[in-house]
Amino acid sequence: TACSSKYVLSQMHPMWQGPLAVPGGDRQSPIDIVVRKSVFDPELKPLVTEYNPETCQQIWNNGYSFLVEYDDTTDKSTLKGGPLQDKFRLCQFHFHWGESNAWGSEHTVDRRLFPAELHLVHWNSDKYSLFEEAVMEDNGLAVIGVFLKVGKRHEGLQKLVDALPAIRHKDSVVEFTRFDPACLLPVNIDDYWTYHGSLTTPPLTESVTWIVMKQHIEVSHDQLAVFRSLLFTSAEEEVQKSMVNNFRVQQPLRGRTVRSSFT
Ligand SMILES: COc1ccc(C[C@H]2SC(=O)NC2=O)c(OC)c1
Ligand SMILES: [Zn+2]
């Protein structure tokens, strides 16, 4: 689907990691969420996710992360409510992780790093007809971020973990169906922080309403180890590089307010 967007990344020491001079780059992501500086907004509504597992299509290695892609040609898997005024269509989810359990997430909470972070990517299908259009508009995308912690095995994640060896190399893809991404959400999705930010990889466009869950999910050490068995490199390349540390460093807040849905 379009949302996979064959964006080309230089994962070799990605030079875009730092606060790159993005045109008017005053709402870049990820950020450190300073809890005591977040502002409770009683107007924030509960999130409403309506995901249909039938829209799950494939899983592939894009040379930076692995993406599970959904059919986003109709409003079958959607997100609304929370800070959002419109209805957003799920197009893909992916993760960011470290080479060790000590780091890996993109967002931090009071500077606390998590071993990994899940991103569920949605685009505004009330206002735009294609993902490519939405990605360029300031209210075009909504990404749900969920922190992962190492603990008990995540049963729902295992189906995805079992598919990873088939997509070890960059640009490999396999069919992946009937996966309900709701199983990756924490029990409590009413408590979240939200702020206006950007894509965390090129083109770094400032089109994302971020919704970062306060509650994390748990995955086992072994499940996370399989993430690290993926490769940045394609099968042809002589030197294979393990896919780890595929996160961007935290960016300046530039006066933005992070709102919370909870006190
Ligand atoms: C051209 O469109 C793009 C480009 C990159 C990404 C992926 C980035 S954005 C995020 O939250 N995490 C990531 O790794 C994207 O995803 C919506 C959409
Ligand atoms: Zn991401």
Side-chain angles (χ1 to χ4, degrees), residues 1-11 14-18 20 22-23 25 27-31 33 57-70 72 77-79 83-84 88-98 103-108 113-125 127-148 160 170-171 181 184-185 192-213 216-217 227 230 232 243-251:
T1 50
C3 75
S4 62
S5 67
K6 308 276 179 294
Y7 52 94
V8 179
L9 294 173
S10 60
Q11 67 270 355
M15 297 310 288
W16 44 265
Q17 286 276 7
L20 188 81
V22 175
R27 53 172 280 194
Q28 287 291 294
S29 293
I31 60 169
I33 296 168
Q57 290 181 318
Q58 58 188 21
I59 187 169
W60 71 291
N61 177 332
N62 71 350
Y64 183 65
S65 181
F66 64 89
L67 313 182
V68 175
E69 291 186 309
Y70 286 76
D72 61 355
S77 288
T78 61
L79 167 68
L84 307 172
F88 287 68
R89 218 175 263 179
L90 174 70
C91 61
Q92 54 107 322
F93 69 81
H94 62 271
F95 297 80
H96 303 266
W97 60 92
W103 64 82
S105 62
E106 296 213 301
H107 291 89
T108 49
L113 287 155
F114 292 82
E117 184 173 334
L118 160 65
H119 288 160
L120 292 141
V121 178
H122 313 74
W123 56 275
N124 188 331
S125 57
K127 290 231 165 32
Y128 310 106
S129 48
L130 282 176
F131 171 82
E132 282 94 345
E133 288 168 37
V135 81
M136 305 310 289
E137 305 294 331
D138 68 1
N139 66 346
L141 302 183
V143 181
I144 295 177
V146 181
F147 294 117
L148 275 63
L160 186 152
K170 177 180 174 194
D171 294 332
L184 297 176
L185 293 173
Y192 57 82
W193 293 283
T194 182
Y195 76 98
H196 291 116
S198 73
L199 302 179
T200 63
T201 62
L204 302 171
T205 33
E206 299 178 333
S207 54
V208 181
T209 296
W210 278 96
I211 300 164
V212 180
M213 292 292 138
H216 61 267
I217 60 171
F227 283 24
L230 291 172
F232 277 132
M243 185 180 276
V244 292
N245 303 328
N246 55 357
F247 54 84
R248 191 190 192 194
V249 293
Q250 289 80 38
Q251 302 296 310

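It should be emphasised that the depicted structure is a prediction, and the values quoted were computed from it without experimental measurement. Start at 1 and go down the list; that is how both ligands and their atoms are numbered. One is the number of the first residue; the rest follow in order along the sequence.
Heavy atoms of P202 come nearer than 4.0 angstrom to ligand 1 in at least one pair. Contact between R248 and ligand 1 is absent, with no heavy atom of the residue lying under 4.0 Å from the ligand. For E132, the closest heavy-atom approach to ligand 1 does not fall below 4.0 Å.
Of all non-hydrogen atoms in R89 and S125, the two that sit nearest each other are NE-CB, 3.6 Å. Closest approach of L185 to V146, counting heavy atoms only: CD2-CG2, 4.2 Å. In terms of heavy atoms, G140 sits closest to F88 at O-CE2, 3.7 Å. A pairwise comparison of heavy atoms in P30 and V249 identifies CD-O, 3.5 Å as the closest pair.
The distance between the ring centers of H119 and W210 falls below 6.0 angstrom.
Taking every heavy atom of Q92 and a limit of under 4.0 angstrom, the matching atoms of ligand 1 come to 16 (O). Below 4.0 Å from some heavy atom of F131 lie the following atoms of ligand 1, by number and element: 2 (O), 18 (C). Distances below 4.0 Å separate heavy atoms of V121 from the following atoms of ligand 1: 17 (C). Those atoms of ligand 1 with a heavy atom of H96 less than 4.0 angstrom away are 12 (N), 13 (C), 14 (O).
Contacts with ligand 1 closer than 4.0 Å are made by side-chain heavy atoms of V135 only, the backbone lying farther away. Heavy atoms of W210 found under 4.0 angstrom from ligand 1 belong exclusively to the side chain. Under 4.0 Å from ligand 1, the heavy atoms of P203 that appear belong solely to its side chain.
A ring-ring contact (aromatic ring centres under 6.0 Å, His included) with H107 is found for one member of Y195, F114, W193, Y192 and no other, namely Y195.
By the 3.5 Å distance cut-off applied to N or O atoms, E106 is not counted among the residues near ligand 1. For ligand 1, the polar-atom distance check finds an N/O of T200 within less than 3.5 Å of one of the ligand's N/O atoms.
If you check the side chains of R248 and Q28, you find a donor sitting under 3.5 Å from an acceptor. W123 and D72 form a side-chain donor-acceptor contact under 3.5 Å, judged by distance and modelled atom types alone.
Rounding to the nearest 10°, we obtain 110° for the angle at the Zn ion (ligand 2) between H119 ND1 and H94 NE2.
Two residues are said to be in side-chain contact when any heavy atoms from C-beta on lie closer than 4.5 Å; L67 and Q58 fail this criterion.
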